[in-house]
Trainee: 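I'd like to ask some things about the structure below.
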Amino acid sequence: MAKEQLTPAETKTMMLKVADAIIEAEPILTDADRALGDGDHGVGMERGMNAVKEKLEASEYESVGKVFMDFGMAMMSSMGGASGAVFGTLFRAGGRSIKDSSTFGPQELANLITSGTESVMDRGGAKPGDKTMVDALDPAGTAANSATGQSLVDAMTATAAAGVAGRDASEAMIATMGRAKTLGEKSIGHPDAGAVSVAIMLNTMKDFITS
Amino acid sequence: MAKEQLTPAETKTMMLKVADAIIEAEPILTDADRALGDGDHGVGMERGMNAVKEKLEASEYESVGKVFMDFGMAMMSSMGGASGAVFGTLFRAGGRSIKDSSTFGPQELANLITSGTESVMDRGGAKPGDKTMVDALDPAGTAANSATGQSLVDAMTATAAAGVAGRDASEAMIATMGRAKTLGEKSIGHPDAGAVSVAIMLNTMKDFITS
Amino acid sequence: MSDLKKLINDPLKVADELVEGLVDAYNGDCIHVGQRSLALRNIPDGKVALLVGGGSGHEPIYHGLVGKNLADGAACGDIFAAPPPGIVLEATQAVDKGKGVLYLYGNYAGDVMNFDIGAELAEDEDIDVRTVLICDDVASAPPTEKQSRRGVAGLVPIVKLVGAASQSASSLDELETAAKKACLMTRSIGVSMSPGSIPATGKPTFDIAEDKIGLGMGIHGEPGVGEIPMTTTDELVPQMLDYIFKDFDADEDVDALSEGDEIILFVNSLGATTMMELLIALRKAKQIFTERGIKIYDVIVGPLVTCQEMAGMSFSITKLDDELKEYWNMSCQSVCYTKLEGHQGA
Amino acid sequence: MSDLKKLINDPLKVADELVEGLVDAYNGDCIHVGQRSLALRNIPDGKVALLVGGGSGHEPIYHGLVGKNLADGAACGDIFAAPPPGIVLEATQAVDKGKGVLYLYGNYAGDVMNFDIGAELAEDEDIDVRTVLICDDVASAPPTEKQSRRGVAGLVPIVKLVGAASQSASSLDELETAAKKACLMTRSIGVSMSPGSIPATGKPTFDIAEDKIGLGMGIHGEPGVGEIPMTTTDELVPQMLDYIFKDFDADEDVDALSEGDEIILFVNSLGATTMMELLIALRKAKQIFTERGIKIYDVIVGPLVTCQEMAGMSFSITKLDDELKEYWNMSCQSVCYTKLEGHQGA
Ligand SMILES: Nc1ncnc2c1ncn2[C@@H]1O[C@H](COP(=O)(O)OP(=O)(O)O)[C@@H](O)[C@H]1O
Ligand SMILES: Nc1ncnc2c1ncn2[C@@H]1O[C@H](COP(=O)(O)OP(=O)(O)O)[C@@H](O)[C@H]1O
Ligand SMILES: [Mg+2]
Ligand SMILES: [Mg+2]
Ligand SMILES: [Mg+2]
Ligand SMILES: [Mg+2]
């Protein structure tokens, strides 16, 4: 049964599912980072998601923003690595922008992603096209912003689709940031590992909301 | 055409053939030492035989004993390792015992091997049955001593056969000396690497003398 | 190495356990701080502190560079992962003696972001923090963009020099200046023949053909300038050093390496490459420097900047002036690198 | 390591080339003698000399132990082969300063025979030679036959101690006595997970099943007490140390290792085993010694006694008394091992 306006408890449940999905995808993320980076993205994200689960399962929420802030804080303090900082920033900043909301609807979705993405770009200096997670986040944010008038199901569906398309588009990009940078043209043909994580996260949120 | 009473020049030719035979057998010697030791016997013997060839090819001999002394000295100064010392001792001491001979006949063969073997046992403390080259040398010496009244062809044939039998007998022995020592009963079933070398040397001498 | 027979306990706990072991290796000279940091036991009050750090799995760096006349502390991440900001903060607090803390670490996106967030947290606690990035890998960017280069094995001579400088630095400014000079004067080039692996996955960090060498590869297997056919030491070493010579030449911020110059030469193994191979490579490098009239002031050789069982090696060259020589001549002691006063061949 | 991508030149010349490189690593502190020996540049007249040596391929030992307050020289063999007598002689002549030369090396048939012949040649030149064999591998013979044990990683602390003793020894007798004590007090136990190989053949030195550890294996892969299933650090380390404890117990020539005793602990890698693994093992060893009330006076950790890319590790324990502690506290410097005065955690 599709959902509109998630409660904080539902938001927590959704983000626990996100954590499980990422843990399950560890081998996929490992391989994506092996192709372009140092191969530790899967293990790092798994470590982060275990910390997330511990934190979220032990907490009750009145604000949906706080769910995401805790999600981000757990990642940031447990993971380290580039992804600990960028994903931590994404969810902490994104969550802070909706920390006064007690429900999660299309507007919160849009705020979460756009604020989070902006902070990620501030923190790490990546721009769209640099072949990072930003290339999945940025189109997802645009889609979410255009869908604030629609139902959460439709907004989330459009957002996830845009994130997946962004992940796919990252395959054709030349890496200019981080570990994959010196690959140059050889980085073409592989999606960015962080973008793969973002797509999995958005798809899992969509599956939760639409089911 | 079988040979009796080798000249110093023939003796030199024979020992150059021994050197070539050992070089060719490098992989066999390597594998024998891998099973029980550190796997370097083939390379070490090859190094020794190259030094032997350089020395012998550059020298002319009036004494047959001197051929063997140079053979031993070249091994001793180029090889190192257990085999450099024991094979060097074998040929230096064996050669010294016949250094006044201008021909190599059954008596010289017997003296070479028995004096050489004695010095090897003095140097390294190995006795027959300890699973070393001594187990090929000792029966070869006994055979050579019993054959001093026969033709060189027959004496050499009997000596080589005894050496080969000794090598084969070493398969059933338990190593008590050197690298293979701690193998204990597990050393059973493999011949000793140094005994394999001795058998090849004696067989090559036999082939030269009988052809 | 295809058959990984690593002797560990829980693969997810290797970073924590190795740091415990490292503290044991210091036998009391270092203390374990917070979650996963290391600090010298007795940092004098008023000392300008030097903090290093980075991912684990590269032992004996980074945390093995804490020591006498070296770094005061280290913030240790998980395998190949920068330490999270909380760990950076705990390490910063442990080493700060009121005169501020210099962060000196290899330039990787993850490290920069986490140390930066850690620095912001430290500033909130009124601790002065300054950062100098180690960017010594000439294969990773041209001289005009050298601030975007990776930090690789050059960190060993750099931390040695800056650790010495920190003993007498009167301010964070002064130490920052010394660190910038040590970094500017140090350049590295590496090659790799086969990958390391991550204990938690057992997977190699990259793939490379049986008959190829990755020229200019980074210490996690980041690609360098390209792959070349497997070759001999005497063919490879001149090619490697050429990158260093050309880089000093092309860089407008430094003079070319030329006759009469004195250098520290560090020959590093990434793990599987043996000391035998390093020494053979050192022999060739020495010939090349001698031909050019460049004097080797001191040598470091060994597997100090590793990536698990990765096969490969690197050269790091530090060009010395009188100030750097004075820092070099100080003794130092740590799990990673120890030297007596002076220099070899004095 | 199955895919051997060694960076060398002619596989038959590796020993010669690595010794050249080693001399370069000493940067003038050591000279190349004769065919393949190394000696300190300035050995004082009248010093009782200390000579080490053995096969190459185990770098940084044996020849890397030449250094300040360590060995005066080394006679270097080919890969895994004792040096021939001529090389032993040239090294002996280079280090003799009129007070005689102590040979201190690992007990292997090949080394004993070649060094003995070398000693005979040296005596012909009127040089006084004495020999002390290092026989520290408790897995290779019972305490009652300890003079037939192999010499393994214990040689590092032993040469450290004896090198220090040699600085003040007034006679060869005195140095021999000190060396015998250092040897008696030092015991080692090793394990191996996978073989090294000989550069000239590319062949592994032994075979071992994927799921097995060779317990008590020697540094060339000589068999030990048996094979056990692959396990974790925390399961393995107590088993290994038990052999050491039981050996001190059973040996009538030494007291048991007991509460209040002080030791040097050396954790060695045979090559492929990473510093990460050594540190995790050190962590467990430290717990065990702490439980028993045995004090670790100082720690050495690293790949110092290697066998090419062999995977494995060993513990060496030296029990100290006041005399040995004094020797230990001296500084030393070499390519293999360097320490400052005193000890960590003082
Ligand atoms: N500056 C940056 N801005 C945004 N995302 C980044 C940046 N640097 C790295 N990333 C993301 O982090 C991912 C790599 O994460 P991970 O492998 O866990 O960390 P590390 O690079 O430290 O090994 C990349 O695929 C990319 O999406
Ligand atoms: N004490 C000894 N007496 C006689 N032969 C010996 C002795 N020790 C070793 N050997 C011989 O040397 C052979 C090993 O030679 P090699 O592998 O070249 O030397 P190392 O043992 O030094 O590696 C053994 O197979 C054995 O025949
Ligand atoms: Mg990564
Ligand atoms: Mg052998
Ligand atoms: Mg990483
Ligand atoms: Mg050998």
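Per chain, numbering begins at 1; letters A, B, ... match sequence-line order. These figures come from a predicted structure and were not determined experimentally.
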Trainee: Please state whether the side chain, the backbone, both or neither of C/Met230 comes within less than 4.5 Å of a heavy atom of chain D.
Mentor: side chain
Trainee: In terms of heavy-atom proximity below 4.5 Å to chain C, should D/Pro303 be classed as side chain, backbone, both, or neither?
Mentor: side chain
Trainee: Out of D/Ile213, D/Asp234, D/Thr274, which one racks up the most heavy-atom pairs below 4.5 Å with chain C?
Mentor: D/Asp234
Trainee: Taking every heavy-atom pair that is under 4.5 Å apart, which of D/Ile280, D/Val335, D/Asp10, D/Asp211 has the most such pairs with chain C?
Mentor: D/Ile280
Trainee: Can you tell which part of C/Tyr337 gets under 4.5 Å to a heavy atom of chain D, answering side chain, backbone, both or neither?
Mentor: neither
Trainee: Would you indicate whether C/Lys325, at its atom NZ, is surrounded by more than 12 heavy atoms from other residues, nucleotides or ligands within a distance under 6.0 Å?
Mentor: yes
Trainee: How long is the gap from CD on C/Gln308 to CD on D/Glu277, to the nearest 0.5 Å?
Mentor: 7.0 Å
Trainee: Heavy atoms, side chains only, cut-off 4.5 Å: are C/Leu7 and D/Met313 in contact?
Mentor: yes
Trainee: What residue in D/Val301, D/Val14, D/Val267 has the most heavy-atom pairs under 4.5 Å with chain C?
Mentor: D/Val14
Trainee: Of all of C/Asp29, C/Leu22, C/Leu282, C/Val23, which one pairs up most often with chain D through heavy atoms under 4.5 Å apart?
Mentor: C/Asp29
Trainee: Measuring heavy-atom distances to chain D, does C/Ile79 have an atom under 4.5 Å in its side chain, in its backbone, in both, or in neither?
Mentor: side chain
Trainee: Can any side-chain N or O of C/Thr233 pair as donor or acceptor with the backbone N or O of D/Ile8 at less than 3.5 Å?
Mentor: yes
Trainee: What are the two closest non-hydrogen atoms of D/Asn27 and C/Ile296, and how far apart are they?
Mentor: ND2-O, 3.0 Å
Trainee: Which atom pair, heavy atoms only, marks the closest approach of D/Ala209 to C/Lys5?
Mentor: O-NZ, 2.8 Å
Trainee: Nearest 0.5 Å, please: how far is CG in C/Asp16 from CZ in D/Arg283?
Mentor: 10.0 Å
Trainee: Tell me, for C/Leu236 versus chain D, whether the close heavy atoms (under 4.5 Å) come from the side chain, the backbone, both or neither.
Mentor: side chain
Trainee: Please classify the contact between C/Cys332 and chain D as side chain, backbone, both or neither, with a heavy-atom cut-off of under 4.5 Å.
Mentor: backbone
Trainee: Would you give the length of the straight line joining atom CD of D/Glu341 to atom OG of C/Ser331, rounded to the nearest 0.5 angstrom?
Mentor: 10.5 Å
Trainee: State, to 0.1 Å, how close C/Val299 and D/Ala25 come at their nearest heavy-atom pair, and which atoms those are.
Mentor: CB-O, 3.7 Å
Trainee: Does any heavy atom of chain D fall under 4.5 Å from the side chain of C/Thr231, the backbone, both, or neither of them?
Mentor: backbone
Trainee: Output the distance between atom CE (D/Met275) and atom CG (C/Leu304), rounded to the nearest 0.5 Å.
Mentor: 8.5 Å
Trainee: Which one wins on heavy-atom pair count under 4.5 Å against chain D: C/Lys212, C/Lys284, C/Gln287?
Mentor: C/Lys212
Trainee: Just verifying a value: how many Å separate D/Thr338 OG1 and C/Gln333 CD, rounded to the nearest 0.5 Å?
Mentor: 9.5 Å
Trainee: Measuring heavy-atom distances to chain D, does C/Lys339 have an atom under 4.5 Å in its side chain, in its backbone, in both, or in neither?
Mentor: both
Trainee: Heavy-atom count check: over 12 atoms from other residues, nucleotides or ligands less than 6.0 Å from C/Glu235 CD?
Mentor: no
Trainee: Examine whether an atom of C/Ala15 lies under 4.5 Å from a heavy atom of chain D, and if so say whether it belongs to the side chain, the backbone or both; otherwise answer neither.
Mentor: neither
Trainee: Under the criterion side-chain contact (heavy atoms from CB on, under 4.5 Å), I'd like the reasoning laid out for C/Lys6 against D/Met276: C-alpha separation, chi angles, the key distance, then a yes or no.
Mentor: CA-CA 10 Å; C/Lys6 288 202 180 163; D/Met276 172 187 86; 4.2 Å; yes
Trainee: Quick one: which of D/Leu340, D/Asp298, D/Leu18 has the most heavy-atom pairs under 4.5 Å with chain C, could you say?
Mentor: D/Leu340
